[in-house]
Amino acid sequence: MELSRREFVKLMTSSGIALSVSHATFAQTPAFATRETLPGRQSWNPAATGVGRIDGLAKVTGAKLYASDFRAADLPGWPANTSHAMLIRATDATHVFTGIDLSRLSGALKPSRVVTAADLATAGIRVPAFYAQADLFCPVGKTPLYLGHPVALLIFEQFDAFDQARMALRDPSCVNYGQETGAVAIAPFGAYRFVRVAGSTPGAPDVYSPMQAGWVTPRRFLNMDLPVWAPANQKGPADAQASFYGEQIRAGLAANNPDQLVLDREFQTQSIDPMFLEPESGIAWYDPKSKSLELVVGVQSPMEATESVAYLLGNARGSFKPALIHTHCAYMGGGFGGRDHTTMPLYVALAAMFYPNRPVRLANNRYEQFQSGIKRHPFKMRSRMGVDRATGKIRAFAADHRLDGGGLANFSAQVATVGATAAIGMYDIPKVDVSTVVFHSRAVTAGSMRGYGTTQVLTALEVLIDEAAAALRLDPIEFRRRNALPTNGQTMAGNALIGVTRTDEVLAKLANHPIWQDRATERARALQQRAGILVGTGVACVNKDFGTGADACLASVEVSPEGRITIRSDAVEMGTAIGTALANRVAAIIGGVADEVAMAQVDAFAPLGLVTSGDPFSITQAAQDAASRNPRWVAEISSPSSASVGAHFSTHAAFEAARVIFRFGLWPAALDLWGIAKTDPRARQWDTARWQQRKLAIPGLPPLDLASVAAKAHARGGVTAAMVHGFNRWSWTNASFKIAGETYTADIDALAVRTGTGTAKARSGSTTSDRFVPLNRTSINIPPAINERIGVAYASTCGTLVRIEIERATGSVRIANAYSVAECGQPLVPEVVVGQMQGGFAMGVGQALLETMPLYEDGPGNGKWNLGEYVVPRATDMPLNGLEIEVLPPLKPDDPPKGMAEVVMIPVIPAILNAIYDATGHRFQSLPVTQAMLKGVLK
Amino acid sequence: MTTMRITINGKAYGPTEIRDELSMNDYLREYLGLTGTKFGCGMAQCLSCAVIVDNPDGSSQTMPTCIVPAKNFAGKSIRTIEGHAQNGQPSVLQKAFVEHFSFQCGYCTAGFVNEGQVLLERLAKKPVARADLDKTIQEALNGHICRCTGYVKYHEAMRDVILADAKRYVS
């Protein structure tokens, strides 16, 4: 798809600026030779026959795909020269910033433009609310809020000046400081308490739960970070009741009851960097003549990035306010949550606005990426668990979590709540009290990262579970089975998990696996035959939610008269193969793998005319009811690609669009071709039809090929393209539409259709959407606002076994073999699911054994961290030939896919720790467990 | 300053005057627009920046470009990721990486393709014993970091390419 200096389709207007977002698909045949080996999509689509990803060929031939690949000369209509920018960042957050000294940048090294806080203030630049805990640049006279806080932006006309300047500025720092103030204190980013007391019999209503009473926050804070909860009062308001029941639970755990085993443990986890291989970057150009700002960025949240830039500039003075912002979204060299809601697009935009008419590139090197990139929250947890000695049933659980959120709030509050509501994992515990607080510090900002609080809490939990099993002399898997939450069981928020819970199956697989069955034999054999080697086996099993509680999806599907399929989606690709997943999910409905799948297509859905208002996470029922009377209103237009949303949520809109095309285009066409009359009972049996190798078959009739059916659909004016929006708040919004005289009801909330023109020469694979006709919904059923109180609703399960060998003399750990088994509904791209499980295993190994950083002055905020300091797993850390992966088949053939990209990482970590205990008798209560720590306990 | 002449994927580039401290990675990406060679760490730890250097004696090896000055490559003949596919057709190794779903985000893939190709060419001259194959692959690829995949499918693809032409690569 060639992008020219077209008029961008306006997506919406924000802050008085027109916005549009599209995927960065530029001309495939530029003038220079760098693309000589890019065959283009036509020559081989490996996904068409299931032997590769839809983006496979482009990636393996070095095509320009990532934001860091693009320069001005690559971008149609842009001036040819790329200028370059760099951010100067504070490495001290305890002294007043007094200014920068650029005297060593003289002559050719002098920057063409220096942008500071004063310039932003003069220009009227605003900080979007999400990032507003700090100035974008620390002003002179203030103490930086966090290590790595930007203080200035330098822009260089030419690359060579930029390159020399960055070398000159490397050391010593050019940032000057004055009076010592200590670290800046600001209010915690969030604190919550989740208390549940189950009814006295199974199925009885809860005595108290977050679903009934709402989420509880502290009345106030002591010393800016210690929550003070409401005084306990059973008859008082909700938070006072939570205190009452919570204190009862804790008193029960503290009581000296010989019938109850109580374990009281502290566990802490480390700061982790996502370490995606492509450092963050972007390139932008502001054309003052057309007042248009174009950016090329690689972000997980294209809609948010664009709206944030619009807010940034929406009140700016004169030449600093564009009339149009267009964001081109590139592929990402990894994300893992770390490219969701980051400040990089803001600084990229500022670079362009303060250097108009010249494209400017801003790119982190790895030191800068470590210094500024979003981190995984370190957790400090104290957990208490009470188990009935006679039955082995967990009776009560209480925990207190403290998270260091670093400088900016980012998603700290959400990570805290997800961590808290996941604190009892896959277990059925009738009395639970979990508090969490996430505070600000001068560390680098922590935010969204794969697992989102659950790698931390579930590691602590699964280690505790193992310890309880050992204390009770119960088999660890049997102990888990005895306490697993069954289907329709209540979570700790008081809602039931949706769908069938398959933990029993996963546990059975673990129990019957040779790694588990042979564990005693292998340990004994090592003791007898392998001097100096300790062998241990560990197990863990978790479930992890997928979705955020406010997940929107957009897609269009088009079938040409020749049967060529085109899909557009608002999801973004970061390695998860979402494009291939989209193609496969649609293929099941309309018969063939797509010939073109375009992602990050947020602006391709203008015909739906969507509007939104309010916050989908906190809108009241009354406000939602009123707003939804507008047939174009949806709770959220487009959501970030995160939270394991790809399979279940991001493909949903395309799936529903394909169903509309099948039902009202391809199926009637097929009936015509088969000669089946409308009055024939078979005419309504579309559910019996199946596609095989692009042929549609029903029993007793000859199969029809997709091209013939598509041509007929176009010729008879049936629906040949559909554009859909969906929204999920732990269930899908459901609406009805009139199509071809029928009322059609589906799990969507907006629909536009395009029909065949009635001739065989109708346009095919159209890249414009101007012939889509929006249909008004005739009824709407949006998941109620009370669903906002749910913690976990959709979940997938994964269990892991590991066998490790520890060299006694050195403490080094080798993972000899491992087995991970997961269930994820219908895997859309099975090879990618396996690949995610392998990659998740590696990331788990990293968190368990290798990765860590200090938080403050010795940590990455000092600008001195790189891969020499931060150790990530290599192939030698993996059991390459000894890692067995199993994906349970779906329960039913038409089961939807479930999100799994996070759950597959989590059990690896506690399984390793439990294996270390099995080998050494030492139970570690912190991460990572390094070689030095192991050597220390093996003396 | 250095006068830079170099052959890349069979094509001569230069003469171009370059600063002595200009990295090879920046020369490829900023000067020539050859962005298939990636930048990952700047410390030769991840090797997403590695290219193939073809020596006059017929041997080849990979070299990182992120910390090595471009002038160190002057006069040399190198291959980058852009040079593997011919006439739009991916190489055997590239095809294997695609068909095995060896990569996910793809950012490390150029480095793995270059390293894997050098390994194949080395084995073609001096085949390896079957018993040593896995260790040989591991030693060749271990310098490369991948954050997405856990490495398993890269190694599987490499092994399958070698074993599919065992007469050539395995003794």
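These numbers were taken from a predicted model, which means no experiment stands behind them.
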Judged by modelled atom types alone, do A:Q847 and A:R376 share a side-chain donor-acceptor pair under 3.5 Å?
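There is such a pair between these side chains.
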
Which bit of [X] comes within less than 4.5 Å of chain A, counting heavy atoms only: side chain, backbone, both or neither?
X	result
B:S48	side chain
B:R29	both
B:K153	both
B:V152	both
B:F97	side chain
B:F112	neither

Contact class of A:F162 relative to chain B, heavy atoms under 4.5 angstrom:
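No part of it gets close to chain B.
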
Greatest number of heavy atom pairs closer than 4.5 Å to chain A - which of [options]:
options	value
B:M43, B:Q104, B:K38	B:Q104
B:H100, B:E156, B:Q138, B:H144	B:Q138
B:A110, B:G36, B:G106	B:G106
B:Y31, B:F39, B:Y107	B:Y107

Minimum heavy-atom distance between B:V118 and B:S60, given as atom pair plus value:
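Heavy-atom minimum between the residues: CG1-O, 3.7 Å.
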
Measure across B:G58 and B:K125 and return the closest heavy-atom pair with its distance rounded to 0.1 Å.
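Smallest heavy-atom distance, with atoms named: O-NZ, 2.5 Å.
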
Can you label the angle between the B:Y151 ring and the B:H155 ring as parallel, tilted or perpendicular, going by 30° and 60°?
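It falls in the perpendicular class, over 60°.
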
How about B:Y154 and B:F103: are their ring centroids closer than 6.0 Å?
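Ring-ring flag for B:Y154/B:F103: false, centres at least 6.0 Å apart.
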
Under 3.5 Å, side chain of A:K64 to main-chain N/O of A:R71, donor-acceptor pair present?
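Side chain of A:K64 to backbone of A:R71, a donor-acceptor pair under 3.5 Å: no, none is there.
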
Taking B:E121 first and then B:R79, would you say they form a salt bridge - that is, a charged N and a carboxylate O separated by under 4.0 Å?
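B:R79 and B:E121: salt-bridged.
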
